[in-house]
Amino acid sequence: MKKYIKKIHEELKDILVHVIIPSAGIGRRMKSYGCKSLLNIKEKKLIDIQLEHINNRFPNNEVILITGFDSERLMNHSPDDIIKIENEKYYENNVIRSISIGLRATKDNEHILIVFGDILLNRHALDLINHNESCILISNHMSENEVGCNINNKGYLEYMMFDLPNKWGHIIYLTSKELDLFKKITWAKNKDKKFCFEVINEVVNHGGKFKCIQDEDIKIIDIDTSKDLQKAQEFI
């Protein structure tokens with residue numbers, strides 16, 4: 001496994017990967033804590049932890065942070081070497097609007113990583129992403145209330161919905177046909193209120209394929225409540 005991971009890392013070191021971090025949502029159950037990307041976890045900001053692992057895995061990257069709620073504070077307290085774009089109508093739309101804004105800024109790049117702004121990942125979470133294949137990450141450390149995945153016997157996604165096991169870790173890697181379909185669907189009119197998993201389902205329905213990456217070393221949790229924040233302190 002270590003040799004396989006090293007090979008994947010070598011293949012990716014010269015490939016430019018655009019990384020979109022949608023962090024515009026209010027997160028109503030955590031609103032009093034401010035923007036979730038700035039949550040402190042063992043004296044580190046959540047976004048800094050994310051960027052540390054992203055930079056380690058994809059050294060040739062360009063990060064696009066989409067802000068909304070608490071935008072000014074997030075703009076001022078996130079690293080200066082990333083692109084920051086405000087979703088000014090974040091309160092009227094869903095995460096797909098933020099992702100679509102990020103995609104517009106990626107020009108014609110064929111390698112896109114989307115990491116939701118409210119997730120905490122460990123250093124192994126991105127290891128098995130292969131630049132040749134679109135994929136989603138599975139983590140059963142996620143909340144039971146999160147979207148799960150139906151996976152076929154070849155390890156590819158069939159569909160996503162609530163109340164399924166194999167919880168989606170809110171990380172998606174897009175390339176080739178899947179990226180083209182994702183852009184087309186996301187940029188269509190009246191998609192602003194869609195959830196990301198709904199768009200992924202549409203991509204699959206149009207012939208797209210996502211490898212579902214599962215491994216015992218992958219740990220990803222979503223921070224939705226104060227209890228999740230306490231759990232996060234023990235996570236890393």
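No hydrogens, no waters, no symmetry mates; every other heavy atom, side chains included, goes into these values. Predicted, not measured: the structure shown is a model, and the values here were computed from it.
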Visitor: Is the shortest heavy-atom distance from the side chain of His18 to the side chain of Lys107 under 4.5 Å?
Guide: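 No. Closest side-chain heavy atoms not under 4.5 Å.
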
Visitor: Report the C-alpha distance between Ile21 and Gln50 in whole Å, list the side-chain angles of each, state the deciding distance to 0.1 Å, and finish with yes or no for side-chain contact (heavy atoms from CB on, under 4.5 Å).
Guide: CA-CA 9 Å; Ile21 302 178; Gln50 291 180 330; 4.0 Å; yes

Visitor: Counting neighbours of CG on Asp163 that are heavy atoms of other residues, nucleotides or ligands and sit closer than 6.0 Å, is the number greater than 12?
Guide: no

Visitor: Rounded to the nearest 0.5 Å, what's the gap from CD on Gln233 to NZ on Lys42? Could you check?
Guide: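 So the gap between those two atoms works out to 7.5 Å.
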
Visitor: Please determine whether side-chain contact (heavy atoms from CB on, under 4.5 Å) holds for the pair Phe195 and Val147, giving the CA-CA distance in whole Å, both sets of side-chain angles, and the decisive distance to 0.1 Å.
Guide: CA-CA 10 Å; Phe195 291 102; Val147 172; over 6 Å; no

Visitor: Is Glu202 paired with Lys191 through a side-chain N to carboxylate O contact shorter than 4.0 Å?
Guide: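 Between Glu202 and Lys191 there is a salt bridge, with a charged N closer than 4.0 Å to a carboxylate O.
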
Visitor: Side-chain contact, heavy-atom cut-off 4.5 Å: Asn166 with Cys212?
Guide: no

Visitor: Please enumerate all residues that pass ring pair (Phe, Tyr, Trp, His ring centres under 6.0 Å) together with Phe210, with sequence neighbours excluded.
Guide: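 For Phe210 there are no ring pair (Phe, Tyr, Trp, His ring centres under 6.0 Å) partners, ignoring immediate neighbours.
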
Visitor: Over all heavy atoms of both residues, which pair between Gly208 and Leu181 is shortest? Give the atoms and the distance, please.
Guide: N-CD1, 4.0 Å

Visitor: Does His141 have more than 12 heavy atoms from other residues, nucleotides or ligands lying within 6.0 Å of its NE2?
Guide: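 Enclosed.
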
Visitor: Among Ser100, Ser98, Ser71, exactly one meets side-chain hydrogen bond (donor to acceptor under 3.5 Å, both in side chains) together with Asn87. Which residue is that?
Guide: Ser98

Visitor: Check whether more than 12 heavy atoms from other residues, nucleotides or ligands sit under 6.0 Å from atom NZ of Lys211, and answer yes or no.
Guide: yes

Visitor: Does Asp70 pair with Lys36 as a salt bridge, N-O distance under 4.0 Å?
Guide: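 The answer is no: the pair does not qualify as a salt bridge.
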
Visitor: For Leu74 and Cys35, work out which heavy atoms get closest and say how close.
Guide: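 Taking every non-hydrogen atom into account, CD2-SG, 3.5 Å.
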
Visitor: Determine the minimum heavy-atom distance between Cys135 and Ile129, stating which atoms define it.
Guide: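 Nearest pair, atom of Cys135 first, then Ile129: SG-CG1, 4.0 Å.
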
Visitor: Quick one: side chain to side chain contact (heavy atoms under 4.5 Å, CB included) partners of Ala105, sequence neighbours excluded?
Guide: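 Side chain to side chain contact (heavy atoms under 4.5 Å, CB included) list for Ala105, sorted by chain: Ile64, Ile85.
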
Visitor: With a cutoff of under 4.5 Å between side-chain heavy atoms, which Ile, Leu, Val, Met, Phe, Trp and Tyr residues group with Tyr156?
Guide: none

Visitor: Asn150: which residues meet the side chain to side chain contact (heavy atoms under 4.5 Å, CB included) condition with it, sequence neighbours left out?
Guide: Glu158, Tyr159, Leu164

Visitor: Can you tell me how far apart CG (Leu137) and CD1 (Ile172) are? Round to the nearest 0.5 Å.
Guide: 10.0 Å

Visitor: Identify the two heavy atoms, one from Asn109 and one from Leu16, that lie closest to each other, and give their separation to 0.1 Å.
Guide: ND2-O, 3.2 Å

Visitor: Considering residues, nucleotides and ligands other than Glu72, do more than 12 of their heavy atoms fall under 6.0 Å from its CD?
Guide: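 It does not: Glu72 CD has 12 such atoms or fewer within range.
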
Visitor: Please say which of Ile20, Val95, Ile171, Ile220 ends up in a side-chain contact (heavy atoms from CB on, under 4.5 Å) with Phe116.
Guide: Val95

Visitor: Could you tell me which non-hydrogen atom of Met160 sits nearest to which non-hydrogen atom of Cys149, and how far apart they are?
Guide: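 Of all heavy-atom pairs spanning Met160 and Cys149, the closest is CE-SG, 3.9 Å.
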
Visitor: Suppose we screen for salt bridge (Lys or Arg N to Asp or Glu O under 4.0 Å). Which residues come up paired with Lys183, at least two apart in sequence or across chains?
Guide: none

Visitor: Check side chain to side chain contact (heavy atoms under 4.5 Å, CB included) between Ser143 and all other residues, then give those that pass, not counting sequence neighbours.
Guide: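 Only Asn145, Glu146, Asp222 meet the side chain to side chain contact (heavy atoms under 4.5 Å, CB included) criterion with Ser143.
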
Visitor: Considering non-hydrogen atoms only, spot the tightest contact between Phe197 and Met161 and give its length.
Guide: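 The answer is CE1-CA, 4.3 Å.
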
